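Since this is a predicted model, take the numbers as computed values, not measurements. Letters A, B, ... are given to chains in the order of the sequence lines, protein chains preceding strands, and every chain is numbered from 1.
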Amino acid sequence: MGVALTRSAQWTAAGRGTGTLETTPLNEAILKEIIVFVESFIYKHPQEAKYVFVDPLEWKTGLNPSAFESGYAVSETRVKSEEVDKNGRPLLFLSVPQIEVRSFGQLSRLLFIAGNTKLREAQACIEANRNPIAKILGLDYDTMKEDSSTLNILDKIIKDGDPESEIKMKVAMLLKQLDLHLLNHSLKHISLEIRLNPATLKNDIELLKRFSGKGEETVLESIDYTSDYEFSNGCRAPPWRQIHGEICYVLVKPHDVETLCVTCSSEGVFLNGGKTDDEGEINYERKGAVYKDLVTFLREKSAKFSENMSKQAITFKEEQQQQKDQPNEEPKKDEAVAFHKAVTGSDRSTLEKNQINFGKNQMTKRLEPSLNWKATVDFKERRNLVRDTQEEKHGGRLEKSRPSVSPGKAQLVRKSIDKIEEIVSESSSESEEDEEPPDHRQEANADLPSEYWQIQKLVKYLKGGNQTATVIALCSMKDFNLAQETCQLAIRDVGGLEVLINLLDTDEVKCKIGSLKILKEISHNPQIRRNIVDLGGLPIMVNILDSPYKSLKCLAAETIANVAKFRRAWRAVRCHGGITKLVALLDCGQNSTEPAQSSLYETRDVEVARCGALALWSCSKSYANKEAIRKAGGIPLLARLLKTSHENMLIPVVGTLQECASEESYRAAIKAERIIENLVKNLNSENEQLQEHCAMAIYQCAEDEETRDLVRLHGGLKPLASLLNNTDNKERLAAVTGAIWKCSISKENVTKFREYKAIETLVGLLTDQPEEVLVNVVGALGECCQEYENRVIVRKCGGIQPLVNLLVGINQALLVNVTKAVGACAVEPESMMIIDRLDGVRLLWSLLKNPHPDVKASAAWALCPCIQNAKDAGEMVRSFVGGLELVVNLLKSDNKEVLAGVCATITNIAKDQENLAVITDHGVVPLLSKLANTNNDKLRRHLAEAVSRCCMWGRNRVAFGEHKAVAPLVRYLKSNDTNVHRATAQALYQLSEDADNCITMHENGAVKLLLDMVGSPDQELQEAAAGCISNIRRLALATEKARYT
Amino acid sequence: MNRKKLQKLTDTLTKNCKHFNKFEVKCLINLFYNLVGEGTERQGVVLGLDRNAFRNILHVTFGMTDDMIMDRVFRGFDKDNDGCVNVSEWIYGLSLFLRGTLEEKMKYCFEVFDLNGDGFISKEEMFHMLKNSLLKQPSEEDPDEGIKDLVEITLKKMDHDHDGKLSFADYEQAVREETLLLEAFGPCLPDPKSQMEFEAQVFKDPNEFNDM
């Protein structure tokens, strides 16, 4: 207790004399352990409890004398225990507020009396008695404890020969045990907080480097630092990143994945944005989950790595061990490194041989430097030792603390795995290869908890028992905490999964039920899911869906819902006819007048339908399954279930619909089945999850105009708008804003939203929201700002500043929407002034450099109104150094949307003569001419406009002719789009100022086409066409005149 | 037995039995007399199925195999302890077998498992009932060890008041938490499949049942 208290407990910095314990989880845990020890003392060691302390423990108590009852002499301010020591002093003496206690018996009772306040009492006691051991046993015991040998104490006591000292010795031993226990306990707390440091990282990277290279056997192709310079503190990250805790950046090339750029920081290891291609700078933004170290990270990212790693695991671990254990024996380690290098240098077969040797036969490794060898053996021995003690002690008191600590950690790991799997499951095509997250087999068997052995025993009974024994074993297994990864993996590792799945194949209904109840729970673990699929569990469960017993059907469907979270499982369910059967389950929930019988085999029909929907929800993430559900007639059934009012039924139903609504066929069916009405109704539900899924489904469906109208007609816009006000649940907020975005594509809806004051709320959501929400909010604003009133609202609510601020983000979808919204705002001169003041145009301009074509295009479009409406636009554009060259060079892009946008931008830029001169110098004419042969009407239109603008400078007209832009332009007149006609006619009119161009036009039959255009109701078109014809005609007249004169 | 008497019997039994309707009672009475055989009707002697005949029915019709449990089931049916199941006991017993509520079944099963009838299922009784439930592994030194362990596991799961034996309250609580434990110490109710078959056969057309 002494050592633990001085070393582990976290004292406040107030200094030793008057220090108090900080209220940290660790301290609390220690205090609780002490309380448990003291409380049970009186029962466990009745004799020792009577032992009288050398000095009493004194502290200020918060207890009232009146709390003490029998066994005490109580007066108003004093309490004396009736128990006294041999000198007649009471063993407990309280004189408010000071208290003195002289035995464990009294301490136990005191804590009992203290009841709720025992933690406070214990803390006060420990704080007042910084060295309780010395007080309890006398100072000499305390000093002896420093050399921490129990033998000495024993010696001392034996020499004393005092009859009392035997008890004293026992007390000493007990305290010693407690001390040890507390230390172990706190160690576990502390070990959870260990962070990465430069030295361990360096070791890891060095080791990995040694096992990298070309060839199949290595774990990685290469691993390198991005920077060769190492700071004196061991970090390689630049100092301004070191303040974020980042240590170094590593480029890793695994065999099966492309090069990963990884940030190693003290918090853990994660993927960063990679090297940006132009300056070789690193994009420091985090791109994925944080892993506890490099090896775990790579295991997750590369299957090949984990495979090869497991082959070499033993070697690797040995080395890690060795480096951790013997950091002082540097030179020898170098020897080992040298040896390794020699091995990698020599031909591969010896390498392989050696690797096998590493694992299996240490004795033959004569070549290996002795140190390495020793480490291996040590490690192995230790492992065995740990296992032995485990077996002996399980159930022992020391053991108890173990499981209490591990779950937290396990949970963390599980969470991260879950996350990854979610990412994997996003994409729904099944043709790609399954990327399996690596299997975390229990690492060594160093730390098997007692549950492991109990579960092993139960599995034995499952295997060797008849129906009765099996049911008992199953029920007992169900009592373990199956949500805990230790138990889940224990069941698998002792071969329980096979047995459980086999049981499903028997005729014993009870065994099936019991087995499914367990499978249902443990299949929350992604590894177990994969194991179940590997063992062929899904076809059997699919068969059970046909069972006549409803509860069995339910359990099977629920288990399938848990297991079917990845592609292989989806396929398995579908291929064994599972989708049809699950859809059939949905048909159950109709007759509501059935008895609610809770017998073993029966359950309510609604429940069956609910479980069916749950399973379909899981399966509906795959495209092929969506099709299968539709073909099996699932949509009408889902539509019917949607009319119920049970929330737990509605969530999976709406969830399924929401997944499926990504398909066009579903959206049509959803419209046809009048599902929107019910989705809207459920938006008004109390359940947040349900609201979220409904909004999500509307978001998916509202791509379609008719659906958008339906949402409005059923009064869905109001609940959507009011849900905006609750911003705590981010998932729901994302879904709701998404629905609003898509709905606001229709003008009528926008009007409604304005009525509901949704636009103001949306502007408020532009700050402090996660990206998923921002994308939708900005998208919605972009749609709303197409109307004048809304632009005014956005400006008045101060929405322009946050929008412009978002232009510096990196999220592609967000940038596309932000540029669109900013562009929409810029249509209004007053807003444009604000944008200009905030330097928004420069930001838009720099987005033309963004690698994503969508962003480029969107930025180009947004620039058009900016240039149109900016005051002194020409000067502004010129102020962007290199800006014009950038725009012109974008004409080399191969994305039609980008090209159209850039052409539009150029049209606007060219309105300024000076700028037109500059872009001409940058070669805009040949680039535009090169684009002329296109069939895309949108591009044609903007290209023609750009051409007509660019003709206004110098000899550009002639240049267009020289670059053969005229003939293709004439063909534009055959398009069906009047906008194209108008732009083209104008361009041709400009071009026709040059004689050669007129000839080309005439040769390409422009006159006849233009004559038709003259008859167009569009005045501009008329004029341009007529002007062009007149130019051609005039040329003809001039030539004739020249000929005949 | 004449028709009038049969009619009367059917009426009284129907009145006293809440789970069967009149038709079903009639079918079951017919079945009973088919099983007992008409010839044995004599004045003063109670008509009934004796232990062996009844066990035979349990085995053939309801697929039970455990001798001890079948004996206990017979006791459960034979309310008046006269060594044979008479017609009203037959009807009552079957009403529980086929239609019993969870409460009734719990009470019945507990009585079956409480071998000595003292109101508790003791460790010894459990051991007795479970002793054939594990495959004997020749390698094990103490073949009973597994059974003992199984008894401990069961106690840990079901003995809520920690007195080392199961009272009805313990049992009831455990079963309500996990219905699978209803027949914790051996199958003493018909499994759903044979139950369905039985009902289909008996209640559909009683005349075809003669050959059983």
Side-chain angles (χ1 to χ4, degrees), chain A residues 395 450-451 453-480 482 499-500 503 506-518 520-521 544 546-555 595-603, chain B residues 63-66 68-69 98-106 109 113 126 129-140 143 145-158 174-197 200:
Chain A
S450 61
E451 286 100 327
W453 308 107
Q454 289 165 23
I455 287 175
Q456 187 177 45
K457 203 172 58 184
L458 288 176
V459 170
K460 199 176 80 190
Y461 297 146
L462 283 185
K463 282 182 188 159
N466 69 359
Q467 186 209 15
T468 312
T470 305
V471 169
I472 292 176
L474 286 172
C475 290
S476 170
M477 196 182 280
K478 227 188 78 197
D479 281 351
F480 283 93
L482 294 177
V499 187
L500 288 172
L503 280 175
T506 59
D507 280 338
E508 293 295 344
V509 185
K510 270 186 281 189
C511 296
K512 285 193 209 178
I513 290 179
S515 165
L516 279 173
K517 278 181 176 172
I518 292 169
K520 185 181 96 180
E521 295 301 326
I544 292 180
D546 284 336
S547 150
Y549 313 114
K550 288 179 193 161
S551 60
L552 202 50
K553 280 193 215 179
C554 274
L555 285 167
Q597 197 182 7
S598 67
S599 111
L600 181 52
Y601 309 107
E602 287 311 304
T603 178
Chain B
M64 293 187 193
T65 46
D66 188 326
M68 183 174 44
I69 297 283
L98 304 179
R99 304 284 163 85
T101 62
L102 186 64
E103 283 71 22
E104 289 169 325
K105 282 181 177 167
M106 279 196 288
C109 289
F113 296 142
M126 288 184 208
M129 289 183 284
L130 293 177
K131 76 178 167 219
N132 295 322
S133 69
L134 285 181
L135 210 64
K136 291 273 185 318
Q137 256 140 21
S139 59
E140 273 174 38
E145 201 188 303
I147 313 284
K148 281 179 191 154
D149 192 37
L150 208 54
V151 170
E152 289 305 324
I153 291 172
T154 321
L155 266 184
K156 192 177 154 215
K157 174 117 189 85
M158 301 177 76
V175 176
R176 284 196 193 282
E177 279 166 19
E178 176 51 85
T179 332
L180 283 177
L181 289 171
L182 182 65
E183 297 170 76
F185 304 104
C188 55
L189 288 165
D191 67 290
K193 196 166 153 236
S194 52
Q195 175 183 343
M196 262 188 315
E197 282 167 4

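- Between the CG atom of B/Leu182 and the NZ atom of A/Lys510 there is a distance of 7.0 Å, given to the nearest 0.5 Å.
- In this structure, chain B has a heavy atom under 4.5 Å from the side chain of A/Lys457, while its backbone stays farther away.
- Distance CG/B/Leu180 to CD1/A/Ile472: 11.5 Å, rounded to 0.5 Å.
- Here the options are B/Ile153, B/Leu150, B/Thr154, the test is side-chain contact (heavy atoms from CB on, under 4.5 Å), and the partner is A/Ser476; only B/Ile153 passes.
- Taking each heavy atom of A/Tyr549 and B/Met196 in turn, the nearest pair found is OH-CE, 4.1 Å.
- In this structure, A/Thr468 and B/Gly186 approach most closely via the heavy-atom pair CG2-N, 3.3 Å.
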(request) Check step by step if side chain to side chain contact (heavy atoms under 4.5 Å, CB included) holds for B/Asn132 and A/Asn466. (result) CA-CA 8 Å; B/Asn132 295 322; A/Asn466 69 359; 5.7 Å; no
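- The ring-ring contact (aromatic ring centres under 6.0 Å, His included) analysis of residues 457-479 of chain A, with sequence neighbours excluded, yields no pairs.
- The two atoms that bring A/Ala469 and B/Leu134 nearest to each other are CB-CD2, 4.0 Å, heavy atoms only.
- Neither the backbone nor the side chain of A/Leu474 comes within less than 4.5 Å of any heavy atom in chain B.
- With sequence neighbours left out, B/Phe185 forms a ring pair (Phe, Tyr, Trp, His ring centres under 6.0 Å) with B/Phe113.
- Looking at B/Asp66, there are no atoms closer than 4.5 Å to chain A (heavy atoms on both sides), in backbone or side chain.
- In this structure, NZ in B/Lys157 is found 12.5 Å from CE in A/Met477, a value given to the nearest 0.5 Å.
- Using a 4.5 Å cut-off between heavy atoms, A/Gln467 contacts chain B through its side chain alone, with no backbone atom that close.
- Neither the backbone nor the side chain of B/Met129 comes within contact range of chain A; no heavy atoms are under 4.5 Å apart.
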